[in-house]
Amino acid sequence: EFEQLAKLWGERGGRGQLLQAWSIDNPSRAWHYRARRETLQRQLGRPPAELRGFHGSHPGNILSIAENGFDAGRRAGQVYGSGEYFAKNPSVSISYCRGGAYMLVCQLCLGHESTSQENADGDHIWVPGCGYYVISGPAQALPLYIVRFEGSQLPPSEEGQRQLAAALAQPVYHCGGAVDERFILLEPEGVPLKVPALPAAWWSGDIQAFCGPLYADPGSVASPWPGVAGKVAVVRRGGGKFVHIAKQAQASGARAMLVVQNSEEPLPTMTFGTAPEEDLLPAAMVSQADGAKLLHLCKAGAAAVARAVRQGAGGDVPPNRPCAMTAASTDALWLGYLHGHFSDRQLAGDVRRFLEAHAPAAAGAEVRVVRGKFTQAKVALPAPMPREEVHALCSKLFVECGTERTVTVDDAHGSRGQRCPRSIAGYCRGRNLRFVDPCWCDHGDLPTKEARYSRQLVDLASAKGDGIRSAFLQSAPFHDGAPEVLAVHAISNPTLQRRHEHFREYLTQKNGEAPRQVELYHGTNVKIIDAVCTHGLFPPSDMVASNVCPVSGGLGLRTSLCDNQCAHCTERHAWGCCHMFGLGVYLGDLAQKSHRYVSGVGAGAEHRMLLCSVLLGDALTVEGHLRRGDAMHDVHSLRALGD
């Protein structure tokens with residue numbers, strides 16, 4: 001994400017280097033922005049153009065803008081018209097930072113361009129000579145990032161810069177009514193007090209572990225603590241490494257541990273450095289002030305935590321359903337649903353113990369916890385398991401972090417006639433896989449079966465057209481010559497846009513924050529661009545496109561466009577210097593890269609490339625060495641990287 005911002009900074013002509021960046025997640029401002037965008041779409045009859053602009057302001061104003069948005073009542077200057085000012089080139093915005101080292105990167109929504117500086121007959125003004133975007137309404141500008149750059153002229157001690165730096169120094173800064181969902185709230189017995197506590201990285205998720213009598217800091221970790229058995233130990237930070245103190249309290253019989261911060265600094269997450277071999281004592285950290293209150297309660301007499309609750313929603317799981325497996329056997333199991341507030345380590349261990357107790361032949365199976373709207377587990381079995389044994393597991397006792405219940409166990413590949421349990425936001429990755437982790441459930445018609453799209457020519461001199469053209473040419477020349485942008489068409493597909501927004505909501509719920517939206521290039525066979533504009537981009541299948549297939553045949557494709565129900569595309573796709581990093585959708589941040597994948601173009605004909613709006617959730621960095629060219633060819637999802 002930082003690399004994308006640094007690239008944008010450089011491409012737009014920013015001076016010096018980008019040093020740091022912080023993402024802004026403000027659900028209220030995002031809602032107002034989306035509402036305004038929907039209004040503009042109804043007025044235009046198409047999605048409004050969106051782009052990114054830089055906004056410079058004094059450091060003392062940055063947090064206020066991030067929290068409350070732009071204030072039309074504080075506008076000044078307005079040389080090029082009425083509105084909020086944003087720059088295409090960050091170097092232009094630097095002069096408005098008043099010597100500070102911070103500025104905002106914002107998402108801008110463009111509807112009708114005004115014809116005069118009054119900005120009265122439209123919603124924005126584009127000033128190409130200065131590279132200014134003037135936005136009439138604050139709701140059309142959404143702050144996405146705060147960035148720090150080289151060249152500050154203000155001393156660090158300057159009040160606005162100092163306060164901003166202090167706020168950004170926190171791992172997560174919350175303002176207004178925002179709640180840090182990592183925390184739990186502890187309510188001591190008999191007093192009107194709620195103590196926020198930040199759980200340790202090794203915590204299993206069992207919140208009840210923190211309920212019980214409190215035990216004051218013994219002031220020593222050298223020997224077992226008398227009287228701590230069955231109690232929650234309250235200890236001051238500074239007596240040694242977190243793990244060592246937790247082990248000492250655990251050896252003394254404590255049920256949990258609360259560590260009191262030794263300064264007014266923000267609470268850090270206690271870690272173990274490396275993964276512990278044994279289960280560690282549940283632990284959390286409380287602030288210096290709250291810790292003093294707890295220790296005072298302990299010294300005043302018997303004290304206890306009566307109730308512990310999550311600041312984030314724990315959530316109930318759906319009721320168990322019958323096993324639908326119809327195949328004779330399976331090499332993979334699906335278990336669900338599990339309580340998402342428990343850690344992956346805890347849940348995976350519970351699943352392994354469940355299988356060891358009730359299906360000894362599955363000992364050593366690989367367990368992967370999958371999180372979405374609800375949490376589930378996928379199990380890769382060392383040997384196929386008969387259908388009868390899978391059905392029987394649904395009635396066996398499953399112990400989830402100490403609580404006994406039953407759980408649904410099913411064939412992870414699904415069964416004919418079954419509603420797909422693997423769908424995420426309405427999409428199942430196994431739908432177009434026949435050989436690599438297929439899903440045989442009934443998926444019904446594609447949501448885009450009745451979708452239609454339209455194209456509208458974008459003026460290359462407009463704000464959006466200028467942005468697309470200049471970014472495209474940044475990576476020129478290409479491997480086969482110098483490109484020329486002849487035309488840009490905006491694609492309007494209401495069905496795909498609704499699917500896009502649905503997945504945005506899913507990622508927001510899953511990750512606890514809104515996903516980042518970026519524009520990336522995609523090069524493909526030009527003969528299927530109409531299909532892509534109609535149905536969207538899908539990860540490739542693992543089947544060869546049959547020449548006799550009425551959908552995928554005769555297009556020169558490497559892989560089939562069909563799902564695994566196609567009667568023609570039945571041959572497995574093999575490695576051929578393709579899909580080097582797995583069966584996924586490949587997108588590039590440079591047009592030059594994606595141009596290499598454009599195919600199906602006749603001699604002397606015009607090339608076409610797609611510029612896509614992409615939602616980025618949690619990013620993963622994969623490091624390793626490909627010992628063979630086809631080492632990752634059959635990797636069909638990020639989760640499959642662990643297989």
Side-chain angles (χ1 to χ4, degrees), residues 429 431-436 446 448 451 453 455 468-469 471-491 493 496 518-563 566 568-614 626 629-636:
R429 178 62 185 99
R431 179 176 184 147
N432 68 347
L433 298 175
R434 185 182 289 269
F435 304 96
V436 183
L446 286 173
T448 54
Y453 79 93
R455 298 189 307 173
I468 291 176
R469 182 180 179 278
F472 186 91
L473 295 177
Q474 277 289 329
S475 58
F478 294 173
H479 70 282
D480 54 357
E484 179 185 356
V485 178
L486 302 177
V488 174
H489 290 89
I491 304 299
N493 185 328
L496 276 186
V518 298
E519 291 185 343
L520 298 174
Y521 301 101
H522 180 74
T524 188
N525 188 315
V526 297
K527 297 177 182 177
I528 66 167
I529 283 185
D530 283 344
V532 172
C533 292
T534 302
H535 302 291
L537 286 169
F538 284 83
S541 71
D542 59 355
M543 305 171 291
V544 174
S546 171
N547 287 330
V548 299
C549 178
V551 175
S552 303
L555 299 175
L557 302 176
R558 288 180 177 270
T559 55
S560 171
L561 297 175
C562 305
D563 62 22
C566 179
H568 304 284
C569 302
T570 58
E571 179 184 348
R572 183 167 186 164
H573 175 261
W575 162 253
C577 297
C578 57
H579 306 132
M580 180 167 285
F581 300 105
L583 296 171
V585 178
Y586 287 65
L587 300 123
D589 58 350
L590 295 176
Q592 181 194 68
K593 296 178 184 177
S594 296
H595 173 64
R596 291 180 175 273
Y597 297 90
V598 175
S599 62
V601 182
E606 297 174 357
H607 291 65
R608 289 192 290 170
M609 187 186 299
L610 294 166
L611 181 61
C612 306
S613 171
V614 182
L626 297 181
D630 63 346
M632 293 182 66
H633 178 259
D634 289 337
V635 174
H636 60 284

Does some side-chain heavy atom of Tyr453 sit less than 4.5 Å from a side-chain heavy atom of Asp530?
yes

Side chains of Ile528 and Leu557: does their closest heavy-atom pair fall under 4.5 Å?
yes

Validation row: Leu537, Cys612 side chains within 4.5 angstrom (heavy atoms):
yes

Please examine the side chains of Arg431 and Leu446, heavy atoms only from C-beta on, and report whether any two atoms are closer than 4.5 Å.
yes

When you compare the side chains of Asn525 and Tyr597, does any donor N or O come within less than 3.5 Å of an acceptor on the partner?
no

Counterpart residues, side-chain hydrogen bond (donor to acceptor under 3.5 Å, both in side chains), relative to Arg434 (two or more places apart):
none

Here the pair of heavy atoms bringing His522 nearest to Thr524 is NE2-CB, 3.7 Å

Please collect all side chain to side chain donor-acceptor pair (under 3.5 Å) contacts where either partner lies in residues 536-559, sequence neighbours excluded, each pair once.
Ser552-Ser560

Sorted by first residue and then second, give each side chain to side chain donor-acceptor pair (under 3.5 Å) pair with at least one member in residues 477-488; sequence neighbours left out.
Asp480-His595

Considering only distance and modelled atom types, tabulate donor-acceptor pairs under 3.5 Å from the side chains of residues 568-583, sequence neighbours left out.
from	atom 1	to	atom 2	distance (Å)
Arg572	NH2	Asp634	OD2	3.0
His573	ND1	His633	NE2	3.1

Not counting sequence neighbours, which residues clear side-chain hydrogen bond (donor to acceptor under 3.5 Å, both in side chains) with Asp589? List them please.
Lys593

Is it true that Tyr521 and Tyr586 have ring centroids separated by less than 6.0 Å?
no

Taken in chain and number order and not counting sequence neighbours, the residues that satisfy side-chain hydrogen bond (donor to acceptor under 3.5 Å, both in side chains) with Ser613 are His500, Gln517

Please check if the side chain of Asn432 supplies one atom and the backbone of Cys562 the other of a donor-acceptor pair under 3.5 Å.
no

